Amino acid sequence: MKLSVALDLEHESDNINLVKQLKNLPVWIKIGLRSYIRDGRKIIDEVKNIDPDLKIFLDLKLYDIPNTMADASESIADLGIDMFNIHASAGEKAMREVMKRLNSRKNRPIVLSVTALTSFDENDFYKIYNKNVLDKSLDFAEMSYKNGIDGVVSSVFESKKIKELTSSNFITLTPGIRPFGENKNDQERVGTIETAKNNLSDFIVVGRPIYQSKDPRSVVEKILEEIKIKK
Ligand code: C5P
């Protein structure tokens with residue numbers, strides 16, 4: 001299991017300070033909408049300058065018509081990042097077009113699709129998708145798997161079932177992790193590292209429990225220790 005740290009801070013300098021504190025640790029850095037819209041590709045170069053071994057997950061959750069998504073995916077691949085995501089609800093054609101374009105390149109990033117945002121509770125989710133979170137997430141995961149996507153973003157509670165339905169190699173990345181039971185903030189379906197391990201999550205995403213703490217590096221070290229411990 002790998003740890004992806006969310007760079008969701010208010011100012012670019014705050015994000016950079018956080019990355020500096022994480023130098024030489026085996027973590028992935030998640031650059032999301034706020035940081036990318038504000039700072040653009042500069043933030044990617046800055047992270048790489050601090051530590052070229054840090055892997056970058058660009059969390060922009062693309063959702064558009066297939067051709068626009070495939071064009072954007074190629075531009076994203078040109079940024080030299082390691083992983084990005086699209087919304088599964090963009091559909092099979094979009095998935096196939098994105099993967100066709102990326103697979104024709106020498107190197108391509110890992111591509112994940114978002115099933116259900118972890119901020120949804122069952123009621124709000126049902127209003128949009130007319131199905132419960134688990135069943136719809138499994139539908140989205142199967143569709144993504146069949147159309148060549150590398151894995152999904154889901155809550156930790158769907159991860160194991162998604163792997164059973166698809167393949168153990170199909171990646172699950174799970175946000176909404178409160179490593180040691182911290183405040184869940186606006187997230188609904190949250191789990192601890194223990195939950196993530198039990199559900200075979202490949203990547204956990206942690207934001208606020210790290211960057212809102214007084215000593216982010218020590219929280220990250222503690223999480224990495226916990227990830228290593230076998231049950
Ligand atoms: O601060 P927190 O740990 O809740 O941050 C979670 C991060 O994961 C945020 O950047 C959020 O945008 C992202 N995310 C999520 N749920 C998804 C996909 C991404 O919370 N389904």
Side-chain angles (χ1 to χ4, degrees), residues 1-12 14-15 18-19 22 27-39 43-44 47 55-63 76 81 83-90 110-122 124-125 128-129 132-134 136-141 144 149-159 161-162 171-193 195-196 199 201-214 216 219-220 222-224 226-227:
M1 190 160 80
K2 297 182 181 71
L3 168 65
S4 179
V5 180
L7 278 202
D8 288 335
L9 287 145
E10 194 181 348
H11 303 289
E12 186 181 6
D14 300 332
N15 279 332
L18 176 62
V19 176
L22 304 181
V27 294
W28 285 59
I29 300 294
K30 186 178 88 70
I31 297 176
L33 283 171
R34 182 191 215 179
S35 301
Y36 194 71
I37 288 171
R38 187 189 54 213
D39 308 325
I43 184 73
I44 294 170
V47 170
K55 302 268 191 197
I56 297 182
F57 166 34
L58 194 59
D59 179 20
L60 301 183
K61 303 185 184 74
L62 304 188
Y63 185 100
I76 287 175
I81 54 90
M83 180 159 75
F84 76 97
N85 55 4
I86 65 173
H87 267 288
S89 51
I110 297 169
V111 185
L112 305 179
S113 63
V114 178
T115 58
L117 297 173
T118 39
S119 52
F120 272 124
D121 62 20
E122 287 288 351
D124 289 340
F125 187 82
I128 297 172
Y129 296 100
N132 67 55
V133 170
L134 175 62
K136 192 70 201 174
S137 298
L138 291 175
D139 291 349
F140 278 146
S144 305
I149 301 287
D150 301 307
V152 289
V153 181
S154 73
S155 97
V156 68
F157 302 104
E158 292 101 46
S159 169
K161 295 192 177 79
I162 286 170
I171 297 167
T172 57
L173 175 140
T174 59
I177 300 296
R178 293 298 175 258
F180 307 105
E182 297 89 338
N183 183 333
K184 69 178 189 162
N185 312 102
D186 64 338
Q187 300 280 23
E188 279 298 332
R189 291 168 300 118
V190 299
T192 62
I193 295 175
T195 332
N199 285 284
S201 174
D202 295 297
F203 286 87
I204 55 169
V205 176
V206 186
R208 285 163 285 190
I210 293 173
Y211 65 74
Q212 287 180 346
S213 101
K214 285 204 182 78
V219 177
V220 168
K222 227 170 110 192
I223 294 172
L224 292 173
E226 185 74 18
I227 285 175

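On a predicted model such as this, the values are computed, not experimentally measured, just so you know. Order of appearance sets the numbers: ligands from 1, and atoms from 1 within every ligand.
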Distance in Å, Ile29 CD1 paired with Leu22 CG, rounded so as to fall on 0.5 Å steps: 5.5 Å
If you round to the nearest 0.5 Å, how far is CG of Asp14 from OH of Tyr211? 10.5 Å
Check the surroundings of atom NZ in Lys222: do more than 12 heavy atoms from other residues, nucleotides or ligands lie under 6.0 Å from it? no
At less than 4.0 angstrom from any non-hydrogen atom of [X], what atoms of ligand 1 do you find?
| X | value |
| --- | --- |
| Leu117 | 17 (C), 21 (N) |
| Val153 | 18 (C), 21 (N) |
| Val206 | 3 (O) |
| Arg208 | 1 (O), 2 (P), 3 (O), 4 (O) |
| Val205 | 7 (C), 8 (O) |
| Asp59 | 13 (C), 19 (C) |
| Lys61 | 12 (O), 18 (C), 19 (C) |

Side chains of Trp28 and Met83 in contact at under 4.5 Å (non-hydrogen atoms):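 Side-chain contact under 4.5 Å: yes.
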Please confirm whether Asp186 comes within less than 3.5 Å of ligand 1 when only nitrogen or oxygen atoms on both sides are compared. no
Close N or O approach (Gly207, ligand 1; < 3.5 Å): yes
In this structure, does ligand 1 have an atom that sits under 4.0 Å from one of the heavy atoms of Asp8?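 It does, in that a heavy atom of Asp8 comes within the 4.0 Å cut-off of ligand 1.
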What do you reckon, does Arg178 put a non-hydrogen atom under 4.0 Å from ligand 1? yes
Carboxylate-amine/guanidinium contact Asp186 Arg208, below 4.0 Å: yes
If the threshold is 4.0 Å, N to carboxylate O, is there a salt bridge linking Asp59 and Lys30?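 Counted as a salt bridge, because a side-chain N and a carboxylate O are separated by less than 4.0 Å.
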Checking a contact table here: which protein heavy atom is nearest [atom], and how many Å away?
| atom | answer |
| --- | --- |
| atom 6 (C) of ligand 1 | Gln187 NE2, 3.6 Å |
| atom 16 (N) of ligand 1 | Thr118 OG1, 2.7 Å |
| atom 17 (C) of ligand 1 | Pro175 CG, 3.5 Å |
| atom 11 (C) of ligand 1 | Lys30 NZ, 4.0 Å |

Can you tell which of Gln187, Glu188, Arg189 makes a side chain to side chain donor-acceptor pair (under 3.5 Å) with Thr118? Gln187
Does NZ or CZ of Lys136 lie under 6.0 Å from the centre of the six-membered ring of Tyr129, at an angle within 45° of the ring axis?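 Lys136 over Tyr129 ring: no.
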For the residue pair Ser154 and Thr115, confirm or rule out a side-chain donor-acceptor distance under 3.5 Å. no
Return yes if some donor-acceptor pair links the side-chain N/O of Asn199 with the main-chain N/O of Thr195 below 3.5 Å, else return no.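 Yes, because the side chain of Asn199 sits within donor-acceptor range (under 3.5 Å) of the backbone of Thr195.
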